[in-house]
2 protein chains.
Amino acid sequence: MSLQGANLGKPINIDFAERVDLFKNTFVFEGLGDDDIKEIAGMAFAKRFAKGGSIFYQDEPCEFFHVVARGLVKVSICSFSGSRITYLLADRGEPLNLVGPFTGSPRFISAEALEETIVVHVNREDFLSFAIKNHVVIINIISILGSAIDSANGRIIDMIEKPVEQRLLKVLYTLYEKFGNTLKFTSNELAELAGTTTESTLRAMGRLRKRGIITSGRGEVSITRPAKLKLLSDETLWV
Amino acid sequence: MSLQGANLGKPINIDFAERVDLFKNTFVFEGLGDDDIKEIAGMAFAKRFAKGGSIFYQDEPCEFFHVVARGLVKVSICSFSGSRITYLLADRGEPLNLVGPFTGSPRFISAEALEETIVVHVNREDFLSFAIKNHVVIINIISILGSAIDSANGRIIDMIEKPVEQRLLKVLYTLYEKFGNTLKFTSNELAELAGTTTESTLRAMGRLRKRGIITSGRGEVSITRPAKLKLLSDETLWV
DNA sequence: ATTTGTCTATGACGGTGATCATATTCCGGT
DNA sequence: ACCGGAATATGATCACCGTCATAGACAAAT
């Protein structure tokens with residue numbers, strides 16, 4: 001159980017060239033010239049987080065713009081009563097917080113490393129003035145936020161009209177497209193994506209196993225019939 | 001039943017001064033100087049829509065930035081199977097589409113006038129270059145989008161952990177804060193906000209009526225005990 | 001005045017899935 | 001090597017709520 005402040009991340013040095021390479025693969029910066037990329041890369045510094053480490057916590061004011069350089073980060077939102085949904089699974093090149101840098105105010109999300117992870121930070125104000133100077137960045141951010149809103153609304157509709165099993169299929173197919181055949185997630189993590197309980201996820205997975213669509217072991221699921229999966233889950237999420 | 005293109009809205013003239021006044025009350029433009037407000041107001045023109053009229057329809061590419069000048073507009077998203085959730089109830093000063101102008105691409109939302117309504121339009125490109133020139137606008141937009149994302153995620157969690165009645169309480173309290181004691185909405189419209197069916201909404205309303213929290217008539221609900229309502233629905237939505 | 005459609009209202013039914021409980025397996029830490 | 005915690009697995013229960021059906025009230029239209 002990762003207590004707040006338990007794993008704050010250790011500063012770590014990564015090459016300027018490596019940071020440039022990272023930002024060239026970051027969608028938010030797509031459309032920028034090399035010089036601009038270098039400018040923002042020059043302001044960035046990195047931290048390393050162990051599995052389970054907390055990159056930021058809900059209700060903390062936003063100080064940095066974060067981009068994952070290596071590893072995998074789960075961004076999730078948790079209710080008072082304890083239910084939690086994960087909202088983004090960010091790997092290399094994906095930012096963790098697009099809104100925070102603009103408002104500075106805390107939001108109800110927290111970010112946790114799902115494996116050994118390196119996250120690159122840029123000071124909020126630096127990122128802000130850089131974004132404002134470079135319109136492309138703004139447009140990219142707004143279009144990503146638009147997708148996020150669409151996705152969230154889609155999930156609401158799915159909660160209304162789709163049974164657990166179909167939501168899980170959608171989750172699995174989305175993850176398959178992003179991470180490939182072998183998905184290193186626990187049933188609990190999948191449940192947080194599908195908006196259901198661990199038990200229901202386990203039961204649904206049992207059925208999918210019987211139908212030969214997946215195999216599963218402790219902390220991992222393998223897609224054996226992607227084509228069938230695709231067929232069954234017509235749409236995908238944005239995760 | 002409003003068929004596509006049935007009510008496209010009639011061009012209508014409204015004073016320059018009136019447009020300026022509108023934009024001064026539009027949160028997206030908060031922080032702008034008078035001259036800037038006048039500049040964007042100069043580019044705006046208005047249309048009138050009858051009750052039930054369609055301001056824009058899903059899958060249409062975005063051509064304009066829209067702001068409600070008078071009346072009330074329901075922005076909603078509809079699934080293939082027909083379930084629909086309403087995502088925004090916009091009255092005077094509220095924009096209908098913040099993302100569209102930046103991407104230009106169609107999104108899965110549609111906007112319908114709930115009463116006699118006047119909507120002010122600005123050409124997408126005009127609005128875009130204006131926003132980019134004026135950083136405050138960008139920051140305002142991004143912070144609104146952030147709220148929208150938070151709200152949508154909150155609704156997902158509510159779908160998981162709150163029963164219909166509590167979701168309805170939240171909807172009613174939110175509407176009460178925005179529109180006052182008398183809410184001119186049908187049970188079906190409330191259902192689309194609470195993420196449930198018309199029948200379940202009607203049943204829940206019956207219970208609230210028995211508890212003396214509301215009274216209701218055809219197409220309208222009145223809040224008789226706001227304090228109790230507030231107490232029961234600890235949080236509010238962003239609608 | 002009659003009709004038509006929308007909105008409200010309520011009953012009956014049945015399934016889904018959350019909750020609680022228990023058992024077993026697997027992995028990591030000491 | 002042992003122990004403890006986490007993850008998987010599965011059963012039993014039951015309330016919520018979606019679906020279908022029916023009926024009446026009200027408003028607007030012809």
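Naming convention: chains lettered A, B, ... in sequence-line order (proteins, then strands); numbering from 1 in each chain.
Under 4.0 angstrom from either OP1 or OP2 of dA18(C) there lies at least one side-chain N or O belonging to Thr196(A).
Taking NZ of Lys228(B) as the reference point, atom CZ of Arg211(B) lies at 6.5 Å (rounded to 0.5 Å). To the nearest 0.5 Å, atoms CG (Leu88(B)) and CD1 (Ile144(B)) are separated by 10.0 Å.
One finds no salt bridge joining Arg155(B) and Asp150(B) here, because no Lys/Arg side-chain nitrogen approaches an Asp/Glu carboxylate oxygen to under 4.0 Å. For Glu220(B) and Lys184(B), the salt-bridge test passes: some basic side-chain N is under 4.0 Å from an acidic carboxylate O. Salt-bridge check for Lys230(A) with Glu177(A): failed, with every basic side-chain N at 4.0 Å or more from each acidic carboxylate O. With salt bridges taken as basic N to acidic carboxylate O contacts below 4.0 Å, none links Arg70(A) and Glu116(A).
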Below 3.5 Å between N/O atoms, which protein atoms pair up with nucleotides 26-28 of chain C? Just atom names and distances, please.
{"unit_1": "dC26(C)", "atom_1": "O2", "unit_2": "Arg218(A)", "atom_2": "NH2", "d": "3.3"}

Please write out each protein N/O paired with an N/O of nucleotides 19-23 of chain D under 3.5 Å, distance rounded to 0.1 Å.
{"unit_1": "dT19(D)", "atom_1": "O4", "unit_2": "Arg203(B)", "atom_2": "NH2", "d": "3.2"}

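Distance CG (Asn188(B)) to P (dT8(C)): 8 Å, rounded to an integer number of Å. Counting to the nearest Å, the P atom of dC26(D) and the NZ atom of Lys184(B) are 15 Å from each other. Nucleotide dA6(D) holds its C1' atom 16 Å from the CD atom of Glu220(A), rounded to whole Å. Look at CG on Leu202(B): it is 14 Å from C1' on dG18(D), rounded to the nearest Å. Spacing between atom CZ of Arg209(B) and atom C1' of dT10(C) amounts to 11 Å, rounded to whole angstrom units. In this structure, the CZ atom of Arg207(B) is 12 Å from the C1' atom of dA15(D), given to the nearest Å. In this entry the distance linking CG of Asp158(A) with P of dG17(C) reads 13 Å, nearest Å. Atom-to-atom, CZ of Arg84(B) to P of dG18(D) comes out at 18 Å; the value is rounded to the nearest Å.
Taking the side chain as every heavy atom from C-beta outward, Ile214(A) and Arg225(A) never approach each other to under 4.5 Å.
Within the helix from dA1(C)-dT30(D) to dT30(C)-dA1(D), the inter-axis angle between the opening and closing five-pair segments is 40°, rounded to 10°.
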| task | Could you walk me through whether Leu72(B) and Phe179(B) pass side-chain contact (heavy atoms from CB on, under 4.5 Å), step by step? | result | CA-CA 11 Å; Leu72(B) 187 60; Phe179(B) 300 109; 3.8 Å; yes
| request: Apply ring pair (Phe, Tyr, Trp, His ring centres under 6.0 Å) to the pair Phe56(A) and His66(A), showing each step before the final yes or no. | output: CA-CA 10 Å; Phe56(A) 57 81; His66(A) 307 268; 5.3 Å; yes
| request: Check the pair Leu208(B), Glu165(B) against side-chain contact (heavy atoms from CB on, under 4.5 Å), reporting the backbone distance first and the verdict last. | output: CA-CA 9 Å; Leu208(B) 299 185; Glu165(B) 189 170 322; 3.8 Å; yes
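The listed nucleotides are dC17(D), dT10(D), dC7(C); the one nearest the side chain of Thr186(B) is dC7(C). Comparing dA9(D), dG17(C), dT8(C) by their nearest atom to the side chain of Val164(A) picks out dG17(C).
Side chain of Arg124(A) to main chain of Pro101(A): a donor-acceptor pair is present (N/O by atom type, distance under 3.5 Å, no hydrogens or angles).
Among the atoms of the strands shown, only primed sugar atoms or phosphate atoms (P, OP1, OP2) are found under 4.0 Å from some heavy atom of Gly219(B).
Nearest heavy atom pair, residue Arg92(B) against residue Asn25(B), reads NH2-ND2, 4.3 Å.
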